[in-house]
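Below is one structure, written out as structure tokens; the observations come after it.
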Amino acid sequence: MRQKEVKFVYEVYNSIKSLSKDDADLLAHARKITATAYAPYSNFQVGAVALLANGEIIHGSNQENASYPVGLCAERVLISAISSLYPNTAINTMVISYHNLNGNSGHPISPCGICRQSLLEYEARLNHPMRVIMSGMDGKVFVIANAAMLLPLSFTNEDLK
Ligand code: THU
């Protein structure tokens with residue numbers, strides 16, 4: 001038997017003020033876009049913004065449904081929009097923010113498990129690292145260098161071969 005270790009590295013910034021101008025603009029955009037969420041059931045409004053390799057900036061937000069499992073997270077709304085609007089275009093940076101109408105929005109959230117799977121495959125198929133920036137409406141900001149870090153030992157299309 002031998003033990004293997006997976007290292008997870010991420011950057012922590014105290015606030016949006018510590019980010020570069022470009023990243024701060026993207027985060028401000030994601031915070032604003034939380035207002036476009038349709039989240040009457042959870043009252044948890046998530047905004048996601050992507051800077052594409054072609055320079056375009058696209059956003060998405062979570063879209064819920066009275067039939068709860070039908071709802072989609074902001075990250076997958078965004079990935080689907082990018083994939084259909086700009087086929088085969090890499091994502092340089094994705095920024096995720098949220099506004100919890102029932103409580104606190106002052107700490108970063110990270111994508112749910114299904115979204116991690118989705119981000120990972122997008123990153124792998126474009127063969128281009130996707131930085132992920134996470135924050136709430138204020139407070140700390142986490143930055144990871146690529147989406148694959150969010151899902152070690154992941155299931156991928158390689159496993160289907
Ligand atoms: N949600 C997202 O859109 N992204 C995440 O990363 C976490 C959760 C949404 C799903 C649901 O509409 C609401 O937030 C509460 O879970």
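What you see is a predicted model, and the numbers here were worked out from it, not measured in a lab.
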Report yes if the side chains of Gln45 and Ser61 come closer than 4.5 Å at any heavy-atom pair, otherwise no. no
What is the minimum heavy-atom distance between Val141 and Ser135, and which atoms define it? CG2-OG, 3.7 Å
If only atom types and distance count, is the side chain of Ser15 paired as donor or acceptor with the main-chain N or O of Lys140 below 3.5 Å? no
Between CD1 on residue Ile16 and CZ on residue Arg31, distance to nearest 0.5 Å: 4.5 Å
Measuring from Leu19:CG to Glu11:CD, what's the distance to the nearest 0.5 Å? 9.5 Å
Looking at every non-hydrogen atom in both residues, tell me the closest pair between Met149 and Val9 and how far apart they are. CE-O, 2.8 Å
Do Phe44 and Val77 land in one hydrophobic cluster if side-chain heavy atoms of ILVMFWY residues count as linked below 4.5 Å? no
The reported gap from CD1 in Ile58 to CG in Leu52 (rounded to nearest 0.5 angstrom) is 5.0 Å
Work out which heavy atom in Met137 is nearest to a heavy atom in Tyr98; give both atom names and the distance. CG-O, 3.3 Å
With a 6.0 Å cut-off (strictly less than), is the heavy-atom count around CG of Asn104, excluding the residue itself, greater than 12? yes
Hey, could you give me the CG/NZ distance between Asp138 and Lys17, rounded to the nearest 0.5 Å? 10.5 Å
Give a yes or no on whether Leu78 and Val95 share a hydrophobic cluster (residues Ile, Leu, Val, Met, Phe, Trp, Tyr; joining criterion: side-chain heavy atoms under 4.5 Å apart). no
Using side chain to side chain donor-acceptor pair (under 3.5 Å), reason through Ser154 and Arg116 one step at a time and then give a plain yes or no. CA-CA 9 Å; Ser154 54; Arg116 289 175 194 220; over 6 Å; no
Please tell me if the side chains of Leu27 and Tyr13 come closer than 4.5 Å, counting only heavy atoms from C-beta onward. no
In terms of relative ring orientation, are Tyr10 and Phe8 parallel, tilted or perpendicular, with 30° and 60° separating the classes? tilted
Do Arg131 and Asp23 have side chains that get closer than 4.5 Å, going by heavy atoms? yes
Give the C-alpha distance, both sets of side-chain angles, the deciding distance and a yes or no for side-chain contact (heavy atoms from CB on, under 4.5 Å) between Glu121 and Ile79. CA-CA 10 Å; Glu121 183 149 333; Ile79 290 275; over 6 Å; no
Please evaluate residues Asn88 and Arg125 with respect to the criterion side-chain contact (heavy atoms from CB on, under 4.5 Å), reporting the C-alpha separation (whole Å), side-chain torsions for both, the decisive distance (0.1 Å), and the verdict. CA-CA 8 Å; Asn88 300 313; Arg125 90 174 150 100; 3.9 Å; yes
What are the two closest heavy atoms between Gly136 and Ser97, and how far apart are they? O-OG, 2.9 Å
About how many Å separate CD of Glu123 and NE2 of His128, when rounded to the nearest 0.5 Å? 9.0 Å
Smallest heavy-atom separation, Ala50 atom then Ile82 atom, equals CB-CD1, 3.5 Å
Heavy-atom side-chain contact between Pro111 and Ile96 under 4.5 Å: yes
So, for Gln3 and Met1, which heavy atoms are closest and what is the spacing to 0.1 Å? N-SD, 3.9 Å
Tell me whether Val12 shares a hydrophobic cluster with Ile144, the cluster being built from Ile, Leu, Val, Met, Phe, Trp, Tyr side chains joined at under 4.5 Å. yes
Determine whether a donor-acceptor pair (N or O, by modelled atom type, separation under 3.5 Å) exists between the side chain of Asn62 and the backbone of Val46. yes
Output, in order, the C-alpha distance, side-chain angles, deciding distance and verdict of side-chain contact (heavy atoms from CB on, under 4.5 Å) for Asn146 and Met130. CA-CA 5 Å; Asn146 59 71; Met130 184 194 306; 5.9 Å; no
Passes side-chain contact (heavy atoms from CB on, under 4.5 Å), Leu160 versus Phe155? Steps please. CA-CA 9 Å; Leu160 296 173; Phe155 178 77; 3.8 Å; yes
Hey, does the side chain of Asp159 reach the backbone of Thr156 with a donor-acceptor pair shorter than 3.5 angstrom? yes
I need the Tyr122 OH to Glu75 CD distance, nearest 0.5 Å. 15.0 Å
Take a 6.0 Å sphere around CD1 of Ile114 and say whether it holds more than 12 heavy atoms from other residues, nucleotides or ligands. no
Find out if a path of hydrophobic residues (ILVMFWY) with successive side-chain heavy-atom gaps under 4.5 Å connects Val132 to Val143. no
Should Ile109 and Leu119 be counted in the same cluster of Ile, Leu, Val, Met, Phe, Trp and Tyr side chains packed under 4.5 Å apart? yes
